[in-house]
Q: 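Take a look at the following structure, please.
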Amino acid sequence: MKNAYRGKETPVPGERPLFDAFKKLSFFCIVGLDAYTINIKVLRDEISRENFINNLDQLVKDMNDCTIKQIMSQSPANTEIQGNLLIERYERGVVKISSIEQLEDE
């Protein structure tokens, strides 16, 4: 603590309560920054692990697949045929393009 104040712990007369509040607040901030730095290092180490990255990637893919399935479970907002393609437009920008020939085979 003395390094932070460099020995200047004697406030101007009449300002003792303000000086004490500043000293306590600055100590709290310095300790908080130390804890924050340690936590950031731990977080960086954890999110850099291959296992974490793979699990997060799979989670995002699963969430995306679920969202697309939910959107496509509804009827398309617009359907059009261009050449031999069937284009189905769903909400939230989801588009399904199918070959009419493939649909006839099914």
Side-chain angles (χ1 to χ4, degrees):
M1 199 62 184
K2 288 207 183 249
N3 287 339
Y5 298 101
R6 298 187 179 137
K8 298 179 182 178
E9 295 190 19
T10 308
V12 175
E15 293 185 354
R16 187 79 203 170
L18 180 60
F19 181 78
D20 288 340
F22 174 77
K23 188 174 176 181
K24 289 176 185 176
L25 178 62
S26 61
F27 176 77
F28 176 77
C29 291
I30 291 167
V31 171
L33 284 174
D34 283 344
Y36 177 78
T37 303
I38 291 167
N39 289 336
I40 290 295
K41 182 183 180 326
V42 170
L43 180 60
R44 277 190 187 149
D45 291 344
E46 280 299 311
I47 65 175
S48 297
R49 293 177 189 221
E50 189 173 344
N51 189 36
F52 177 85
I53 294 168
N54 292 337
N55 288 339
L56 182 60
D57 184 53
Q58 189 60 49
L59 175 66
V60 170
K61 285 178 183 175
D62 292 345
M63 289 171 60
N64 188 47
D65 289 345
C66 182
T67 300
I68 290 174
K69 284 179 185 175
Q70 180 184 6
I71 290 170
M72 292 181 72
S73 70
Q74 306 296 318
S75 298
N78 182 321
T79 302
E80 62 182 276
I81 296 175
Q82 289 186 10
N84 68 336
L85 298 176
L86 174 64
I87 302 171
E88 298 172 291
R89 299 181 194 282
Y90 295 84
E91 58 183 63
R92 295 178 62 183
V94 175
V95 178
K96 178 182 177 186
I97 302 174
S98 306
S99 169
I100 294 175
E101 294 166 0
Q102 284 180 334
L103 294 174
E104 290 172 352
D105 293 340
E106 293 175 4

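Heads up: numbering here begins at 1 and tracks the sequence.
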Q: Are the charged groups of Asp57 and Lys61 less than 4.0 angstrom apart, N to O?
A: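 So Asp57 pairs with Lys61 through a salt bridge.
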Q: Hey, are Lys69 and Asp65 close enough for a salt bridge, meaning a charged N less than 4.0 Å from a carboxylate O?
A: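 Result for this pair is no, no salt bridge flagged.
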Q: Measure the spacing between OG of Ser48 and CG of Leu43 and express it to the nearest 0.5 Å.
A: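 Here the rounded value is 8.5 Å.
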Q: Decide whether Ile68 and Val60 are clustered together by the hydrophobic rule: side chain heavy atoms of Ile, Leu, Val, Met, Phe, Trp, Tyr closer than 4.5 Å, transitively.
A: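 Not linked; separate clusters.
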Q: Testing Pro76, Ser73, Ser75 one by one against Tyr90 for a side chain to side chain contact (heavy atoms under 4.5 Å, CB included), which residue passes?
A: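 Answer after filtering Pro76, Ser73, Ser75: Pro76.
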Q: Report the distance from atom CG of Leu85 to atom OG of Ser99, rounding to the nearest 0.5 Å.
A: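 Separation between the atoms: 6.5 Å.
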Q: How many angstroms lie between CG in Asn51 and CD in Glu46, if you round to the nearest 0.5 Å?
A: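 That separation rounds to 9.5 Å.
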Q: From Lys96 NZ over to Ile87 CD1, what is the distance, rounded to the nearest 0.5 angstrom?
A: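 Interatomic distance, Lys96 NZ to Ile87 CD1, rounded to 0.5 Å: 13.0 Å.
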Q: What are the two closest heavy atoms between Leu86 and Ile100, and how far apart are they?
A: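 Nearest heavy atoms, Leu86 then Ile100: N-CG1, 4.0 Å.
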Q: When rounded to the nearest 0.5 angstrom, what is the spacing between CG in Asp34 and CG in Asn39?
A: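 One gets 11.0 Å once the value is rounded to the nearest 0.5 Å.
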Q: Is there a side chain to side chain contact (heavy atoms under 4.5 Å, CB included) between Glu88 and Met72 once you walk through the steps?
A: CA-CA 10 Å; Glu88 298 172 291; Met72 292 181 72; 5.8 Å; no
Q: Check the side chains of Gln58 and Asp62 for a donor-acceptor pair under 3.5 angstrom, ignoring hydrogens and angles.
A: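 Looking only at side-chain atoms, Gln58 and Asp62 do form a donor-acceptor pair, the distance falling under 3.5 Å.
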Q: For the pair Leu59 and Asn55, evaluate side chain to side chain contact (heavy atoms under 4.5 Å, CB included) and give the outcome as yes or no after the intermediate values.
A: CA-CA 6 Å; Leu59 175 66; Asn55 288 339; over 6 Å; no
Q: Does a sphere of radius 6.0 Å around CD in Glu80 hold more than 12 heavy atoms from other residues, nucleotides or ligands, not counting ones at 6.0 Å or beyond?
A: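 For Glu80, atom CD is crowded (more than 12 foreign heavy atoms under 6.0 Å).
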Q: Nearest heavy-atom pair of Glu91 and Ile71: which atoms, and what distance?
A: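 Nearest heavy atoms, Glu91 then Ile71: O-CG2, 3.5 Å.
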Q: Does Val31 share a hydrophobic cluster with Tyr36, counting links as ILVMFWY side-chain heavy atoms below 4.5 Å and allowing steps through other members?
A: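 In one cluster with Val31: Tyr36, no.
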Q: Same cluster or not: are Val42 and Ile40 linked, directly or through other Ile, Leu, Val, Met, Phe, Trp or Tyr residues, by side-chain heavy atoms under 4.5 angstrom apart?
A: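 Result: no, two separate clusters.
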